[in-house]
Amino acid sequence: MTIERLKETVGRKTTLKGWILGKRTGKGLVFLVLRDGSGMCQCVVDENKVNTNLFEDAKRLTQESSVVITGEVIADERQIGGYELQVTDLEIVHLSQDFPITPKEHGVDFLMDHRHLWLRSKRQWAILRIRNTLIMAIHEFFQGEGFIQTDAPIFTGNAVEGTSTLFETDFYGEPAYLSQSGQLYGEALAMAFSKIYTFGPTFRAEKSKTRRHLSEFWMIEPEMAFHDLKMNMDTIERFLRFVVLKVLEKNTFELDMIGRDTTVLKQITEPFPRITYEDAVLILKGEKEVDGKNAVKTLEADLVAVQERMAAIQAEITDREAKLAAPGMKKGEIGFHQAKIQQLKEELSEQEEASRNIPMWLKSARDFRMGNDFGGSDETVLTRLFNTPIMVYNWPHEVKAFYMKRDENDTRWAKGVDVLAPEGYGEIVGGGERETNLELLIEKIHEHELPMEAFEWYLDLRRYGSVPHAGFGLGLERLVAWTCKLPHVRETIPFPRMYGRIAP
RNA sequence: UCCUCGGUAGCUCAGCUGGUUAGAGCACUUGACUGUUAAUCAGGGGGUCGUUGGUUCGAGCCCAACCCGGGGAGCCA
């Protein structure tokens with residue numbers, strides 16, 4: 001039996017197998033919180049109802065010891081998961097000693113070094129279960145719409161876009177690179193199966209140290225024959241709505257556990273604004289308003305709010321420190337104030353960072369020049385005005401990849417689309433309609449100084465039965481990060497690989 | 001690669017302008033208490049203050065170089 005299915009055995013004797021998440025002892029009572037991978041459940045050992053050996057065993061249990069535990073299931077609203085086990089039998093499988101991750105706070109470096117154990121904690125458990133829901137929902141959506149799941153190679157002989165830094169490996173004496181995108185192969189597959197999607201690992205060797213970059217991440221890349229930019233955007237919108245609604249439906253417990261406010265997530269049912277690059281730039285520079293909201297003014301108001309919050313935190317810290325200095329305080333109360341002060345100091349340093357960043361973002365937004373690509377801060381400034389993902393399309397062709405289709409009506413633009421998630425998460429999807437004009441493609445390959453011979457096979461796709469087609473790439477970890485509102489993508493993947501981090 | 005912040009007990013941190021045996025909380029351990037849910041009480045062990053070199057009568061605190069980490073820029077999902 002698993003904790004997830006305890007409701008099926010209420011009132012009956014049930015055996016669970018798992019690990020001890022925590023223990024509290026009372027007079028004649030031991031409270032064990034058991035986790036079994038499917039959920040958590042409090043198990044109560046009552047000295048009066050079990051033999052002495054069993055009770056002593058229960059008292060010996062330590063954090064993360066593994067056990068097989070039997071008892072009667074009762075429903076109890078107050079307990080985690082809603083049920084409790086009245087223990088009648090207990091077998092210790094392994095007694096754990098000094099589990100490194102205690103119920104207290106730890107720094108990221110320590111936690112990352114213990115990632116193999118950190119995965120057991122509640123928050124990580126909840127996040128990775130949501131990741132699972134998203135993965136399954138992604139398959140469900142595409143399979144439901146008649147897409148074929150297929151795979152692009154991981155070893156490639158050349159860089160797709162020529163700009164990114166790739167991981168170089170040795171392929172039987174030849175240099176080979178780990179795939180940074182399955183996009184071009186996806187196009188070939190779409191010409192064979194009409195609608196396909198790939199779902200696989202992607203590698204980028206950039207030395208990025210930010211909250212939204214990984215060296216190894218998972219990307220979903222659909223590609224659709226006989227689709228144009230508009231149809232592509234329709235698909236993206238249906239797709240994102242579908243997967244987010246699945247999480248809201250299946251992971252209420254997990255979302256609650258990580259403290260995710262789902263108000264914004266629920267707005268996924270509203271239409272996603274579709275904004276041209278030109279309009280987006282005007283909005284960014286504060287020259288155009290959205291529903292009466294001005295990007296620059298909104299950000300300036302944010303800055304004031306941040307500064308006020310900093311002053312408030314500072315005042316509270318001073319106040320609590322004064323209380324600590326006064327004599328006669330009980331030990332527990334001292335600990336409480338100290339913990340609170342530490343919390344406040346952490347928030348203060350976050351706010352300080354925001355107060356340094358916002359003026360820079362404002363400057364970046366004001367100085368933005370039409371024709372450039374958006375930076376991370378520009379995305380934040382822009383999305384600050386919306387509560388749903390937004391789609392920015394028709395980009396200057398110079399900043400987009402060589403395969404992006406040029407707009408026939410206005411050749412300044414390439415028919416690409418970036419989807420920017422709200423709440424500061426920025427780009428989660430990048431895609432567009434692909435160029436079908438053979439001459440223009442060849443011209444672009446030269447322009448990007450890419451090796452023509454490596455793209456001959458790709459050009460064949462335009463020589464034999466070329467059709468309008470479009471597709472996009474979704475970064476799984478960024479989607480998980482936004483869905484869970486996490487401060488960093490490193491928590492969205494079991495074993496993150498990033499600059500400076502290859503172990504565990 | 002550049003900018004910025006940091007590296008003090010197992011963990012999270014304090015240590016004011018350099019001054020005698022380096023502190024707290026948690027964790028651990030001993031005992032008391034308790035249908036509990038990180039705020040009960042009392043006692044105990046635990047640190048070559050990232051590395052190397054320098055300034056000084058004296059350095060955790062100052063200087064230099066290097067190593068490691070956080071955040072950001074660039075690049076992008």
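Here the structure is a predicted model, which is why all the values come from computation and not from measurement. Just so you know, these numbers use all the heavy atoms, side chains as well, and skip hydrogens, waters and symmetry mates. The chains referred to below are lettered A, B, ... by the order of the sequence lines, with proteins before strands, and numbering in each begins at 1.
For the P atoms, the distance from B:rC26 to B:rU37 is 16 Å, rounded to whole Å. For the P atoms, the distance linking B:rA27 with B:rA39 amounts to 9 Å, nearest Å. Rounded to whole Å, the C1' atom of B:rG6 lies 15 Å from the corresponding atom of B:rA14. Taking atom P in both B:rA9 and B:rC5, the straight-line distance is 23 Å, to the nearest Å. Distance noted for atom P between B:rU8 and B:rG70: 15 Å (whole Å). Spacing of C1' atoms, B:rG31 relative to B:rG45, comes out at 16 Å, to the nearest Å. Comparing the P positions of B:rA22 and B:rG46 gives an interatomic distance of 13 Å, to the nearest angstrom. With C1' as the reference atom, B:rG47 and B:rC13 are 14 Å apart, rounded to whole Å.
Remark: ring of A:Phe217 stacked against base of B:rA77; centroid gap under 5.5 Å, plane tilt under 30°.
Contact annotation for A:His114: no contact, since no heavy-atom pair falls under 4.0 Å across all strands. If you check every strand for non-hydrogen atoms under 4.0 Å, A:Glu221 touches nothing. Across all strands, A:Arg490 comes closer than 4.0 Å only to sugar-phosphate atoms, never to a base (heavy-atom distances). Using a 4.0 Å heavy-atom cutoff across all strands shown, A:Arg211 reaches sugar-phosphate atoms only and no base atom. Nucleic acid contact for A:Gly500: sugar-phosphate only, since backbone atoms but no base atoms lie under 4.0 Å from a heavy atom of the residue. At the heavy-atom level, A:Phe31 lies under 4.0 Å from base atoms of the strands shown. Nucleic acid contact for A:Val429: sugar-phosphate only, since backbone atoms but no base atoms lie under 4.0 Å from a heavy atom of the residue.
When each of A:Trp361 and A:Leu111 is assigned the nucleotide of RNA chain B with its nearest heavy atom, A:Leu111 is the one assigned upstream, toward the 5' end. Nearest-nucleotide assignment on RNA chain B puts the 5′-proximal partner with A:Arg501, out of A:Thr210 and A:Arg501.
Counting distance only, with no hydrogens placed and no angle test, the side-chain atoms of A:Arg478 and the base atoms of B:rC76 include a donor-acceptor pair under 3.5 Å. For A:His106 against B:rC11, no side-chain N or O and base N or O form a donor-acceptor pair under 3.5 Å. One donor-acceptor pair, N or O on each side, does fall under 3.5 Å between the base of B:rG74 and the side chain of A:Ser208. Contact of A:Gln79 with B:rU36 (side chain to base): a donor-acceptor pair of N or O atoms is detected under 3.5 Å.
Taking atom CD of A:Glu427 as the reference point, atom C1' of B:rC75 lies 11 Å away to the nearest angstrom. Taking atom CH2 of residue A:Trp395 and atom P of nucleotide B:rC75, one finds them 12 Å apart after rounding to whole Å. Atom CG of A:Leu474 is separated from atom C1' of B:rC76 by 14 Å (rounded to the nearest Å). Put simply, CD on A:Glu477 is 13 Å from P on B:rA77, counting in whole angstrom units. The distance between atom OH of A:Tyr499 and atom P of B:rA73, rounded to the nearest whole Å, is 16 Å. Across the protein-nucleic acid pair, A:Lys209 atom NZ and B:rC2 atom P stand 12 Å apart, rounded to whole Å. Here B:rC76 presents its C1' atom at 16 Å from CD of A:Glu216, a figure rounded to the nearest Å. The interatomic distance linking A:Ile101 (CD1) with B:rC26 (C1') rounds to 15 Å, in whole Å.
Ion pair A:Arg131/A:Glu477 flagged as a salt bridge, since at least one NZ, NE, NH1 or NH2 atom sits closer than 4.0 Å to an Asp/Glu carboxylate oxygen. Salt-bridge formation is detected for the pair A:Lys246/A:Glu140: a Lys NZ or Arg NE/NH1/NH2 atom is positioned less than 4.0 Å from an Asp or Glu carboxylate oxygen. Salt-bridge annotation for A:Arg260 and A:Glu423: present, with a side-chain N of the basic residue lying under 4.0 Å from a carboxylate O of the acidic one.
Using a 4.0 Å cut-off, no side-chain N or O of A:Arg204 falls inside it from OP1 or OP2 of B:rG74.
Summarising the base pairing, B:rG6 is matched to B:rC68 through a Watson-Crick or G-U wobble pair whose two defining distances lie under 3.5 Å. In this structure, B:rC75 forms no base pair with any nucleotide, since neither Watson-Crick nor G-U wobble geometry is met with both distances under 3.5 Å. Nucleotide B:rU20 forms no Watson-Crick or G-U wobble pair with any nucleotide shown, as no partner meets the under 3.5 Å limit on both distances. As the counterpart of B:rG58, no nucleotide is assigned, since no Watson-Crick or G-U wobble pattern has both distances under 3.5 Å. Judged by Watson-Crick or G-U wobble contacts below 3.5 Å, the nucleotide B:rG44 has B:rC28 as its partner.
Comparing B:rU1, B:rC75, B:rA77 by their closest approach to the side chain of A:Glu206 singles out B:rC75. If you check B:rC76, B:rG69, B:rG35 against the side chain of A:Arg212, the one that comes closest is B:rC76.
The cationic atom of A:Arg241 (NZ for Lys, CZ for Arg) lies less than 6.0 Å from the six-membered ring centre of A:Phe272 and within 45° of the ring axis.
When all heavy atoms of A:Thr388 and A:Pro273 are compared, the pair lying nearest together is OG1-CD, 3.2 Å.
Between the A:Lys415 side chain and the A:Gly432 main chain, no donor and acceptor come within less than 3.5 Å of each other. Judged purely by atom type and a 3.5 angstrom limit, A:Ser65 uses its side chain to pair as donor or acceptor with the backbone of A:Ser96.
The residue from A:Lys405, A:Glu187, A:Arg434 that alone fulfils the side chain to side chain donor-acceptor pair (under 3.5 Å) condition with A:His469 is A:Glu187.
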